[in-house]
Trainee: 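Below is a structure I'd like to ask you about.
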Amino acid sequence: MRTIRIPLSERSYEIFIGMGLLEAPGELRGFSSDVSGRRALIVSDETVYALHGERVSGVLREVGCEVQGASLFEAGEPSKKVSVLEGIWDDMVRAPLDRRSLVVALGGGVVGDMAGFAAATFMRGIDFIQIPTTLLAMVDSSVGGKTGVDHPLGKNLIGAFHQPRAVVIDLNFLGTLPEREILSGFAEVIKAAVLADEELFYILEREGPGLIGNPALIEEAVSRAVAVKAMVVAEDELEGGKRALLNLGHTYGHAVEAVAGYGAYTHGEAVAMGLDFAVALSRAKGLIDELSASRIENLLRSWGYKKAPEGLSAEDIKAAMKHDKKSSGGSVKWVLPLKIGEARWGLEVEEEIIDAQL
Ligand code: NAD
Ligand code: GLY
């Protein structure tokens, strides 16, 4: 088991990473004392709860957590909205939870974002813990405290920063996750490597997607990706500046998701295209050396990611990028790789350079 601590003064917390962690929760130092003797509501989606809910409830009860049941909703991004959140608030009131109670987010990023926002807003904020069950949630959304729901006019527009009390990453959950979802999560692992971990990049390059069958290497890759996110969040919790680095590949990726229609490409497939696009812009601006650029492109191909979407208009993608919520004052701020393990945020890119790559 690995433990990574996010140092955020009184909001500091531990992220536990390993195979089968929930089989011996008493061994997670600090975790059992955090949950024992507290009322809790599990928030999950119907798919995840059917697969893992009863077992996780049993494990929490074993360490003395007073689980009051579960608040469930239909799996998928369309559930990430205020009307579904109201149902969670109702279940919290009926449980009943109080200011000392706990929300347990059991699921992927949709569950984590919703459960976290429910916890952030109930009685002006109660504790929650994250038990992520998708790779994307393990390496990205469960860590860092961004919570929220979508608005009909845009993703994640309603939300709050609310850090979890602990994150338990039990890699055994990946055993039931479809391979396409695993590959979606690996795009964020590749992003982390490009941003700040050359050794992780080398491991991904050397092993290729065969790594997915090797539990020790999955643990290594997940831990390293989480460590990159933890380091960035510790330096810039509220995204005043440096946290924007985590958006590498996301300006173009979000545009592809929006124009293709959510669900046509997974988030990771779109982010991988965004990494290619960021390399192309960085190369055109003379910011990245050719060896690093081609290593990133080759890695993305060897892991099976497509370079660009099919059948989408360049004009639509350009318009969607301008609407990205990270654009301010009408100009999109880019994150571009400088070499493997280093990137720069807050960059302007001339329109002609963007047009030439679209
Ligand atoms: P998701 O939560 O919709 O999960 C994907 C699918 O996998 C769902 O159908 C779910 O039921 C199923 N599933 C989950 N775990 C499973 C398991 N172990 N076995 C079988 N099926 C399982 O999607 P996601 O990709 O995990 O998360 C995407 C969401 O995360 C988006 O809403 C995005 O905005 C958000 N996000 C948030 C942050 C953040 O910092 N808060 C960062 C990145 C993404
Ligand atoms: N997923 C980007 C962030 O957490 O800041």
Side-chain angles (χ1 to χ4, degrees), residues 6 22 43-53 55-56 72-81 84 105-117 120 130-151 154-164 167 169-188 191-192 195 225-226 228-251 253-254 257-258 262-263 265-271 325-326 335 345:
I6 306 219
L22 287 171
V43 174
S44 191
D45 71 38
E46 284 156 7
T47 306
V48 173
Y49 199 82
L51 289 166
H52 303 289
R55 186 173 66 88
V56 172
L72 304 181
F73 54 83
E74 198 179 325
E77 187 73 27
S79 288
K80 210 173 119 177
K81 58 184 174 196
V84 176
L106 174 68
V110 168
V111 166
D113 284 10
M114 297 263 286
F117 191 52
Q130 289 270 20
I131 305 184
T133 62
T134 63
L135 184 59
L136 180 119
M138 292 174 183
V139 298
D140 193 354
S141 59
S142 67
V143 173
K146 280 190 181 176
T147 72
V149 295
D150 299 333
H151 183 275
K155 253 171 79 75
N156 298 326
L157 288 182
I158 316 295
F161 284 98
H162 189 55
Q163 299 293 344
V167 183
I169 300 180
D170 185 337
L171 299 166
N172 277 351
F173 285 116
L174 299 180
T176 57
L177 193 66
E179 184 164 337
R180 193 171 173 204
E181 291 295 336
I182 294 189
L183 279 169
S184 177
F186 260 103
E188 296 287 356
K191 177 198 82 177
L195 276 181
V226 168
V228 169
K229 177 139 191 189
M231 174 192 70
V232 175
V233 169
E235 285 183 41
D236 180 20
E237 182 186 7
L238 303 180
E239 199 162 339
K242 187 176 181 178
R243 186 163 173 165
L245 277 175
L246 298 172
N247 297 326
L248 175 64
H250 284 61
T251 304
H254 282 154
E257 282 185 281
Y262 288 102
Y265 294 104
T266 65
H267 179 66
E269 287 162 353
V271 166
K325 76 174 174 357
K326 276 109 203 166
V335 187
W345 52 273

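When a residue number appears, it is its place in the shown sequence, counting from 1. Atoms within a ligand are numbered from 1 in the order they appear, just like the ligands themselves.
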Trainee: Quick one: look up the protein heavy atom nearest atom 13 (N) of ligand 1 and list residue, atom name and how far away it is.
Mentor: V48 CG2, 3.7 Å

Trainee: Mind checking whether T266 contacts ligand 1 via backbone (N, CA, C, O), side chain (CB onward), both or neither, at a 4.0 Å heavy-atom cut-off?
Mentor: neither

Trainee: Geometry only, no angles: is P178 polar-contacting ligand 1 at N/O separations under 3.5 Å?
Mentor: no

Trainee: Do E239 and K146 pass the salt bridge (Lys or Arg N to Asp or Glu O under 4.0 Å) test, and can you show the C-alpha distance, the side-chain angles, and the key distance before you say yes or no?
Mentor: CA-CA 10 Å; E239 199 162 339; K146 280 190 181 176; 2.5 Å; yes

Trainee: What's the shortest distance from atom 21 (N) of ligand 1 to any protein heavy atom, and which residue and atom give it?
Mentor: L177 CD1, 3.9 Å

Trainee: Which residue and non-hydrogen atom of the protein lie closest to atom 43 (C) of ligand 1, and at what distance in Å?
Mentor: D140 OD2, 3.4 Å

Trainee: Starting from atom 40 (O) of ligand 1, find the nearest protein heavy-atom neighbour and note its residue, name and distance.
Mentor: K229 NZ, 3.6 Å

Trainee: Please give me the minimum heavy-atom distance between A137 and T134, naming the atom from each residue.
Mentor: N-OG1, 3.0 Å

Trainee: Tell me which part of L136 gets within contact of ligand 1: side chain, backbone, both or neither, using heavy atoms under 4.0 Å.
Mentor: side chain

Trainee: Among protein heavy atoms, which lies nearest atom 24 (P) of ligand 1, and at what distance?
Mentor: G109 N, 3.5 Å

Trainee: I need the nearest protein heavy-atom contact for atom 38 (C) of ligand 1: residue, atom name and distance, please.
Mentor: S141 CB, 3.2 Å

Trainee: Go through ligand 2 atom by atom and flag the ones less than 4.0 Å from a non-hydrogen atom of R243.
Mentor: 3 (C), 4 (O), 5 (O)

Trainee: Would K229 count as a contact residue for ligand 2, given that I'm defining contact as a non-hydrogen atom of the residue lying under 4.0 Å from a ligand atom?
Mentor: yes

Trainee: Hydrogens and angles aside, do E188 and H250 bring a side-chain donor and acceptor to less than 3.5 Å of each other?
Mentor: yes

Trainee: Tell me whether D236 contacts the main-chain N or O of R243 through its side chain, where contact means a donor paired with an acceptor under 3.5 Å.
Mentor: yes

Trainee: Find all atoms of ligand 1 within a distance of less than 4.0 Å from any non-hydrogen atom belonging to K80, and give their numbers and elements.
Mentor: 31 (C), 32 (O), 33 (C), 34 (O), 35 (C)

Trainee: Ignoring hydrogens and geometry, is there a side-chain-to-backbone donor-acceptor pair from K191 to G249 under 3.5 Å?
Mentor: no

Trainee: Within the supplied structure, the quantity of interest is the number of heavy atoms (other residues, nucleotides, ligands) at a distance under 6.0 Å from E235 CD; does it exceed 12?
Mentor: yes

Trainee: If we set the cut-off at 4.0 Å for heavy atoms, which region of D45 has an atom near ligand 1: side chain, backbone, both, or neither?
Mentor: side chain

Trainee: Between the main-chain N or O of D150 and the side-chain N or O of N156, is there a donor-acceptor pair closer than 3.5 Å?
Mentor: no

Trainee: Could you give the distance from CD (E74) to OG1 (T47), rounded to the nearest 0.5 Å?
Mentor: 8.5 Å

Trainee: Is the side chain of H52 donor-acceptor paired with the backbone N or O of V48 at a distance under 3.5 Å, no angle test?
Mentor: no

Trainee: Tell me: protein heavy atom nearest atom 15 (N) of ligand 1, and distance?
Mentor: T133 OG1, 2.7 Å

Trainee: Has the side chain of S44 got a donor or acceptor atom that lies under 3.5 Å from a matching backbone atom of G107?
Mentor: no

Trainee: Check if H267 has a non-hydrogen atom at a distance under 4.0 Å from any atom of ligand 1.
Mentor: no

Trainee: Considering only heavy atoms, does V233 approach ligand 2 within less than 4.0 Å through its side chain, its backbone, both, or neither?
Mentor: neither

Trainee: Using a strict 4.0 Å cut-off to heavy atoms of L51, name the atoms of ligand 1 that fall inside it.
Mentor: 19 (N), 20 (C)

Trainee: From atom 19 (N) of ligand 1, work out which of T176, D113, V271, V233 has a heavy atom at the shortest distance.
Mentor: T176

Trainee: What protein heavy atom sits nearest atom 26 (O) of ligand 1, and how far away is it?
Mentor: T134 OG1, 2.6 Å

Trainee: Identify, by atom number and element, the atoms of ligand 1 in contact range of N156, meaning under 4.0 Å from any of its heavy atoms.
Mentor: 34 (O)

Trainee: Nearest heavy atom to atom 41 (N) of ligand 1: which of E77, K146, R243 does it belong to?
Mentor: K146

Trainee: Counting only N and O atoms by type, is there a donor-acceptor contact under 3.5 Å from the side chain of E237 to the main-chain atoms of G144?
Mentor: no

Trainee: Need the ligand 1 atom indices (1-based, order shown) with element for anything under 4.0 Å from a heavy-atom of T47.
Mentor: 11 (O)

Trainee: Taking only heavy atoms of D140, which atoms of ligand 2 are found under 4.0 Å from at least one of them?
Mentor: 1 (N)

Trainee: Looking at CD of E181 and CG of L174, how far apart are the two atoms once the value is rounded to the nearest 0.5 Å?
Mentor: 11.0 Å

Trainee: Where's the contact between E188 and ligand 1, heavy-atom distance under 4.0 Å: side chain, backbone, both or neither?
Mentor: neither

Trainee: List ligand 1 atoms under 4.0 Å from K155, heavy atoms only on the residue side.
Mentor: 31 (C), 32 (O), 33 (C), 34 (O)

